[in-house]
Student: 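One structure follows; several queries about it will come next.
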Amino acid sequence: MSRRSSNKKSVNLKVQNSSTKVLFLEKQFLKEEQNELEVISISLPRKNSTFVKSKKGLIYELIQFNEKHRSYFIDKTVCSNGKIYMTSQIDPLFIFIQYVEANCKTKAQPLTQIMTGPAELFIEALKSSQMKMIADQKGPDDLKAFIYNEDKTLKWLKLKFNNVKKSLKDLKIVSSGASSMNFVKSSLQEDNDDEDAIEETAFGIISEYISLDLIEKLDQHYGISKKSKDPITQKRKSEVKNDENEQKKIKLEDQENSLFSPKKVEKLETKATSKTKALEKAAKGSKSINSFFTKK
Amino acid sequence: MFEARLISSGILKKVLDAIKDLLNEATFDCSDSGIQLQAMDNSHVSLVSLNMRSDGFDKYRCDRNLSMGMNLANMAKILKCANNTDTVTIKAQDNADTVTFMFESQNQEKVSDYEMKLMNLDQEHLGIPETDYACIVRMPSHEFARICRDLTQFGESVVITCTKEGVRFSASGDSGSANIKLAQTSSVDKEEEAVSIEMQEPVTLTFACQYLNSFTKATPLSPQVSLSMSADVPLVVEYQIPDLGHIRYYLAPKIEEDEN
């Protein structure tokens, strides 16, 4: 496209510097005066994010979509920065959760003390009732002091997970894999596959905002990603039985490691032979020798 | 530099056979005084303690204390390559990550070297308190091996009862029960063939058969075995390795079923 347009001499294109940005905004932002939008950058446990706070106190996440080699024509200029920015409303609790988790585990603290730096601006956007979804309030109401409640948090996250799942389902944008447009699903199994893919995506979206620790607990509590943990099992099994070959290959690699690696060999998990199994079985009912002898 | 030479590799083979059933890998701690090994089995029910004194070796040199973690299966593979009459020399540099086993045939015509990689094992050493045992039974090692083997057929656990009359081993299971009683021998021609009991007070303890069976793999090392027992402490099964040291097995007693 650009080559063709440059051939036409009548069109005089200017290349704008990359500070020009293309931003998709919700209508209501345009109604408000621009200077009342606040843009705040915050690092979440697993990513850095930018948020936009509207006058009404709604919080939006600024999502960036970046593709290489994309530019815009803006009137007679070229904007070489082809990134697309979009705003997407977000529950402010997702921002609060990391602060509360980090500071209020053992003692109740007022929000003004835990939300420091740029995060301070979010406090007014949050209602106390929302905060109670992840924490217990202590002390007088106006103090806004909270103590972290893990059970509540996990319940709340599960709720969010279900909401995301429902939205994904309604939008029909996730499927277990590519399929032809006129492909007719034949069995329930296929539906289940889709369901798994949706759950996986929803879990992925939620886990972008929370700490690894919480992700694991959420997973343990509700077993959400149990199917998605091992992507290999989701793949269709090869019809040719090549298990034996694979095992042989693995064995060879092991041997190579143990024979040729110049470093000291780390303790390897040894396969349980029938002898060791018998010993393990025999050990049942005996006390541990550790209980008699103390460590030096 | 570490170097230890034994005139006959057979003894080292026997030592390895005595521990490799219980342990997959172990750290050999080499110091001026000799080679020590202490390790628990995987289930942490028994403990093996091996001591080979430096003066038991034909030649022994240890400039710096050295801990060599070895995979015992790999070590066994190497020792299989030696004839029993071969002289064996274990060699390692300070801070080395390999150990070398050198076998020399009696007429010096064949010399073979085997190098094995060492392992990083973080094994904790346990302090074993000095204990005055209520009963110490000494008996021929092959007799003990035979008893353990026979009783294994009847039950998973052996009850050892030691009184002043003698020592009784019993096992019972679905198929029936077995009782073996040994009395002290009154007159002996050879000391190692005697059954002797030193007893302060009678003791009854229950142990896992399978473990006792594994201990008896040390039988070729010594004609005599001693069992030391006290109530509620681990049994000690000790084999003296003539002119070299000893190997001791500690086995935690079974928890009495009444307590459950």
Student: How long is the straight-line distance from CZ of A/F292 back to CG of B/D232, given to the nearest 0.5 Å?
Tutor: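 These two atoms lie 7.0 Å from each other.
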Student: Decide if atom CZ of B/R53 counts as having more than 12 heavy atoms of other residues, nucleotides or ligands within a radius under 6.0 Å.
Tutor: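 Yes - once you tally the heavy atoms of other residues, nucleotides and ligands closer than 6.0 Å, there are more than 12.
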Student: Run the salt-bridge test on A/K284 and B/E156 with the 4.0 Å N-O cut-off and return the result as yes or no.
Tutor: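 No, this pair does not count.
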Student: Is there a side-chain contact between B/P234 and A/I289, using heavy atoms and a 4.5 Å cut-off?
Tutor: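 Touching, per the 4.5 Å side-chain cut-off.
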Student: B/R64: which residues meet the salt bridge (Lys or Arg N to Asp or Glu O under 4.0 Å) condition with it, sequence neighbours left out?
Tutor: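 B/R64 satisfies salt bridge (Lys or Arg N to Asp or Glu O under 4.0 Å) with no residue once adjacent residues are dropped.
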Student: Evaluate the side-chain proximity of A/K287 to B/V45: yes if any heavy-atom separation is below 4.5 Å, no if none is.
Tutor: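 With C-beta onward as the side chain, the pair stays apart.
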Student: Around atom NZ of A/K281, are there more than 12 heavy atoms of other residues, nucleotides or ligands at under 6.0 Å?
Tutor: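 No, the 6.0 Å shell around NZ holds no more than 12 heavy atoms from other groups.
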Student: Ring centres of B/Y250 and A/F293 under 6.0 Å apart?
Tutor: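 So the answer is yes for these two rings.
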Student: Are more than 12 heavy atoms from other residues, nucleotides or ligands located less than 6.0 Å from atom CG of B/N179?
Tutor: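 Correct, the count exceeds 12.
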Student: Is it the case that over 12 heavy atoms from other parts of the model lie below 6.0 angstrom from the NZ atom of B/K13?
Tutor: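 Yes - once you tally the heavy atoms of other residues, nucleotides and ligands closer than 6.0 Å, there are more than 12.
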Student: If you count heavy-atom pairs under 4.5 Å between each of B/A208, B/S46, B/P129, B/P253 and chain A, which one has the most?
Tutor: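 The residue among B/A208, B/S46, B/P129, B/P253 with the greatest pair count is B/P253.
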Student: Chain B: which of A/A283, A/S286, A/A278 shares the most heavy-atom pairs with it under 4.5 Å?
Tutor: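 Counting heavy-atom pairs under 4.5 Å, the top option is A/S286.
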Student: Of the backbone (N, CA, C, O) and the side chain (C-beta and beyond), which part of B/T98 lies under 4.5 Å from a heavy atom of chain A, both, or neither?
Tutor: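 Interface part for B/T98: neither.
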Student: With a 6.0 Å cut-off (strictly less than), is the heavy-atom count around CG of A/N66, excluding the residue itself, greater than 12?
Tutor: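 Result for CG/A/N66: enclosed.
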Student: Is any side-chain heavy atom of B/L22 less than 4.5 Å from a side-chain heavy atom of A/L279?
Tutor: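 Of all side-chain heavy-atom pairs linking A/L279 with B/L22, at least one is under 4.5 Å.
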Student: Give the intermediate values and the outcome of side-chain contact (heavy atoms from CB on, under 4.5 Å) for residues A/N290 and B/L126.
Tutor: CA-CA 8 Å; A/N290 283 324; B/L126 298 177; 3.8 Å; yes
Student: Compare all side-chain heavy atoms of A/T276 with those of B/D41 and state whether any distance is below 4.5 angstrom.
Tutor: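 Result no, sub-4.5 Å side-chain heavy-atom pair not found.
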